[in-house]
Amino acid sequence: MDLTPGTVAELTVVREAPFGYFLSNGTEDVLLHHRDITEPFDPEAVQTVFLYQDHQGRLAATNVIPDIRLGTSGWAEVAGAKEKLGVFVSIGIHKDMLLSVDDLPPIRSLWPEKGDRLYITVCVKFYSTGHMSGKKWEDALSSNCTLQDEHLEREVFPWILYQ
């Protein structure tokens, strides 16, 4: 079983660290940081976690399971914006997700503002040079927001269905 950001997985604790626990599916390890543990924690039990990418692009886990996950849609609140990056939306975990400037209107005044709610879905974005061509986007959107190519990197991102 491949660990994919934006999905829920059942993993076991393989070791404890000063900053959290490392969980594993038997082939890959992922960090469950102390700040991502929001309920009583039993390291002997199988952990049901949501997988996401931390600020450095590493796979991480939280035991907060958001309603909006890979392949699902829902309402998310805009948490803020950064001029050169885009808009950040909250899906319920401690880390806000970036809606890229590439996926927003070119006119900044048309961007959603903090507190606005957007109906989004979470997709896996594959890229080789940082951007996808129009054809790759069409392929990704027609295949439930995923594109399979072993030469491409993947990144989870929110995508606006409508505003």
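- Across A76 and I120, no two heavy atoms sit closer than the pair CB-CD1, 3.7 Å.
- Residue pairs meeting the salt bridge (Lys or Arg N to Asp or Glu O under 4.0 Å) criterion with at least one member in residues 31-44, sequence neighbours excluded, do not occur.
- Summarising the geometry, atom OG1 belonging to T48 is positioned 10.5 Å from atom CG belonging to L23; distances are rounded to the nearest 0.5 Å.
- Residues V78 and V101 share a hydrophobic cluster, clusters being chains of Ile/Leu/Val/Met/Phe/Trp/Tyr side chains in contact below 4.5 Å.
- At least one side-chain heavy atom of F41 sits less than 4.5 Å from a side-chain heavy atom of V13.
- Taking the ring-ring contact (aromatic ring centres under 6.0 Å, His included) definition, one finds that H94 meets it with Y52, sequence neighbours left out.
- Listed for the E28 side chain is a donor-acceptor partner under 3.5 Å among the backbone atoms of L3.
- The structure places CD of Q47 at 13.0 Å from OG of S24, a figure rounded to the nearest 0.5 Å.
- The distance from the CZ atom of F50 to the CD1 atom of I93 is 5.0 Å, given to the nearest 0.5 Å.
- Under the 30°/60° scheme for interplanar angles, the aromatic rings of H34 and Y21 are found to stand perpendicular.
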Can you give the donor-acceptor pairs under 3.5 Å from side chains of residues 65-72 to other protein atoms, not counting sequence neighbours?
from	atom 1	to	atom 2	distance (Å)
R69	NH1	P66	O	2.7
T72	OG1	D67	O	3.3
T72	OG1	R69	N	2.6
T72	OG1	R69	O	2.8

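- Applying the salt bridge (Lys or Arg N to Asp or Glu O under 4.0 Å) definition to pairs two or more places apart or across chains, those involving residues 46-61 are D54-R58.
- Checking each of L11, V14, N25 against V30 for a side-chain contact (heavy atoms from CB on, under 4.5 Å) leaves exactly one that passes, namely L11.
- Taking OG1 of T4 as the reference point, atom CG of L51 lies at 8.0 Å (rounded to 0.5 Å).
- Separating the OG atom in S90 from the NZ atom in K95 is a distance of 11.5 Å, to the nearest 0.5 Å.
- Evaluation of the ring-ring contact (aromatic ring centres under 6.0 Å, His included) rule for F22 yields no partner, not counting sequence neighbours.
- Taking CD of E77 as the reference point, atom CD1 of I91 lies at 13.5 Å (rounded to 0.5 Å).
- In terms of hydrophobic clustering, with Ile, Leu, Val, Met, Phe, Trp and Tyr side chains grouped at heavy-atom distances under 4.5 Å, V8 and M97 are assigned to a common cluster.
- Scanning both residues, W111 and I107, for their nearest heavy atoms gives CD1-O, 3.7 Å.
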Which atom pairs, one a donor and one an acceptor, fall under 3.5 Å between side chains of residues 79-87 and the rest of the protein, sequence neighbours left out?
from	atom 1	to	atom 2	distance (Å)
E83	OE1	R108	NE	3.3

